[in-house]
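When reading the values below, keep in mind they use all heavy atoms of this one structure, side chains included, and skip hydrogens, waters and symmetry mates. Both ligands and their constituent atoms are indexed starting at 1 by order of listing. It should be emphasised that the depicted structure is a prediction, and the values quoted were computed from it without experimental measurement.
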Amino acid sequence: MPEKNNSFSPLPPWPRTDYCGNLRATDAGREVALWGWVATRRDHGGLVFIDLRDREGIVQLVFNPAHDADAHLVASAARSEYYVAVKGAVVMRREGTVNAELPTGEIEIAVTAAEVLNPSNAPPFPIGGAENTAEEVRLKYRYLDLRRDGMQRNLRRRHQALRGARDYLDANGFIEIETPILFRATPEGARDYLVPSRVNPGKFYALPQSPQLLKQILMVGGFDRYYQIARCFRDEDLRANRQPEFSQIDIEMTGPRPEDIYAMAEGMMASIYKFALGVELARPFPRMPYAEAIERFGSDKPDLRFGLELKNLTAAFAGTAFKVFADVLARGEAIYALALPAECQLSRRELDELIESIKSRQGLGLAWVKINADGWQGPVAKFINDDERKRVVEAAGLHIGDTLLMVAGTPGKVCPLLGDVRLQLGTKFNLRDDAALKFLWVVDFPLFDYSDEEKRLVSVNHPFTAPNPADLALLDSRPLDARALAYDMVLNGQEMGGGSIRIHNAELQLKVFELLGIPRDEAAAKFGFLLDALGYGAPPHGGIAFGVDRIAMMVCGTDSLRDVMAFPKTQKAVDPMSGAPSEVDPRQLRELSIKVAL
Ligand code: ASP
């Protein structure tokens, strides 16, 4: 074997002077010592070239048998992903061999000593071409996948983003406090992960869905401003871009008005973008009431990178003789539309497909008309009279060449549907300004929603969200009309974070629980500790939490969560590398008083 040293020594034969990827022409003449992985090896008969990779990048090594025969032997035997240590001189590359693509491309290392610190099995995929490898395989060999440029860059950018957050929060008097992972269920609307307690047989901890109650209690406990990069666990069916565990930048303040939260959160986001990308964000971010976001964009997280807003045509069609619309209006429902401009036209077939998909998914009809210079065209055009046409042109801001896509029904169904169609068309016609960072606060969320499934009121945010004081009286009469002091930060159509001013009064909290169908005794059993705490001079408080993974995806420009997490799980909540979740020893189960009934 050419490896001179015994590869069992855990101590490298010499200290490293530099990272491979940091060397530049200005280092020419220096003697350096490097460690790294063999990325590629080219044997030119006499000379052997190796691209050596470490976290900073790649540098070219040249092994000349005339310089050091032993080192040359090491190079000849080295293979992909061997971990080697080398010593040598930084030399300028000869003209014509400079590689302008590589930051280190002007220089190379004339190696004088080399040792293999650890050989490698043949990697299951080339590190450079890992993008073309099935994700399951990359996750199984995540340690190899992590050596890739892209993963190295993403995790470092994530680190910078978190530095930006910590730096800002620290400078603004927020104290980082850790809260327990073994706790009890916090209702954030998902299923809990449970952990059996060995010493309390039959009892379980719940992993926190968020540190919501603990951060509120920290305000009662006098810390005034808290933050934490908190791990949260939600046992949900994994949709794309959901992970069973994820991180939040979790924040709570004593006595804020929503404006104080907005200003603080914008400052933090600006610091994140500055640290991660060196970009200055324009502030303050615009704000939009929830009702307006639904009305104009059919979404509580509108993507403002393009227009194509929804148009409310309910008034324009008042008194129409067109039976389909007249019936809808008679039921007090509404008619909304999208006006597709001339340059974004759908073919008849595409229109038919859209109509079909809306019908099969939502059971609603879509009617379209094309606004031609010589009149309106389309299956329903003949039902719309001249007066209505005038009003519709005005309400929808129509131009010659536009196609109007109209849907009638309850706004609660129609607006989100058209909101989805809007996003699809935005993608199809490439309407988004990809470089734009369209931040937005969506404010004035409703406090409650009605769950048809559960036949009761449910919290839109969570049960600890304060009602807007102006709407307190509505709690008894029309709770669904009460607004919450809740807000979301949205970027390019994605929710980056959300929070609220909290209820700090035990009586009001009990009342909200009751409206949610949680009677006093159940509230006392589940949340007695919170209600007790509120009873001891709890100050008004409020906060917000941001999805770290979302932020990382945005600053890394990727649309997969798995690209910004070191060890993500698959859609089936499995870690292919370790095989978690796994069966456990029957003895462990006995100790936990657990029987598996499969
Ligand atoms: N606990 C909330 C969440 O996880 C955030 C908050 O209200 O601060 O969404």
Note to self: With the threshold set at under 4.0 angstrom, would you say Glu252 reaches ligand 1 through any of its heavy atoms?
What the structure shows: no
Margin query: Whether Arg163 engages the ring of Tyr168 as a cation-pi pair (distance to the six-membered ring centre under 6.0 angstrom, angle to the ring normal within 45°) should be assessed.
Written below: no
Next item on the list: For Ser210, take its heavy atoms, then give the atoms of ligand 1 lying under 4.0 Å from any of them.
Entry: 1 (N), 4 (O)
Margin query: I'd like to know if Glu176 and Arg166 make a salt bridge, using a cut-off of under 4.0 Å between side-chain N and carboxylate O.
Written below: yes
Notebook entry, point to check: Relative to the heavy atoms of Gly498, which atoms of ligand 1 are at a distance of less than 4.0 Å?
Noted result: 5 (C), 6 (C), 8 (O)
Margin query: Quick check on contacts: which atoms of ligand 1 are under 4.0 angstrom from a heavy atom of Ile544?
Written below: 8 (O)
Notebook entry, point to check: Is the closest basic N to carboxylate O distance between Lys215 and Asp250 below 4.0 Å?
Noted result: yes
Margin query: Just to check, does Gln209 reach to within less than 4.0 Å of ligand 1 when the distance is taken from its heavy atoms?
Written below: no
Next item on the list: Output the list of atoms in ligand 1 that are nearer than 4.0 Å to some heavy atom of Gln212, sorted by atom number.
Entry: 1 (N), 2 (C), 5 (C), 6 (C), 7 (O), 8 (O)
Next item on the list: Report the nearest protein non-hydrogen atom to atom 9 (O) of ligand 1: residue, atom name, distance rounded to 0.1 Å.
Entry: Glu188 OE1, 3.8 Å
Item checked: Aromatic plane relationship, His504 with His541 - under 30° parallel, 30 to 60° tilted, over 60° perpendicular -> perpendicular
Check: Going through the checks in order, is the ring pair (Phe, Tyr, Trp, His ring centres under 6.0 Å) test met by Tyr487 and Tyr262?
Finding: CA-CA 9 Å; Tyr487 31 76; Tyr262 306 155; 5.4 Å; yes
Next item on the list: With heavy atoms under 4.0 Å as the rule, classify the contact between Thr465 and ligand 1 as side chain, backbone, both or neither.
Entry: neither
Note to self: If we only consider heavy atoms of Arg234, is any one of them less than 4.0 Å away from an atom in ligand 1?
What the structure shows: yes
Margin query: Closer than 4.0 angstrom, basic N to acidic O: yes or no for Asp433 and Arg305?
Written below: no
Check: Is it true that Glu591 and Arg198 make a salt bridge, defined as a side-chain N closer than 4.0 Å to a carboxylate O?
Finding: no
Next item on the list: Please could you name the atoms of ligand 1 that Gln248 approaches to less than 4.0 Å, counting only its heavy atoms?
Entry: 3 (C), 4 (O)
Checklist line | N-O pairing of Lys274 and Glu280 below 4.0 Å | finding: yes
Note to self: As an exercise, identify every atom of ligand 1 less than 4.0 angstrom from a heavy atom of Arg502.
What the structure shows: 6 (C), 7 (O), 8 (O)
Check: Which of the atoms of ligand 1 are close to Lys215, meaning less than 4.0 Å from one of its heavy atoms?
Finding: 6 (C), 8 (O)
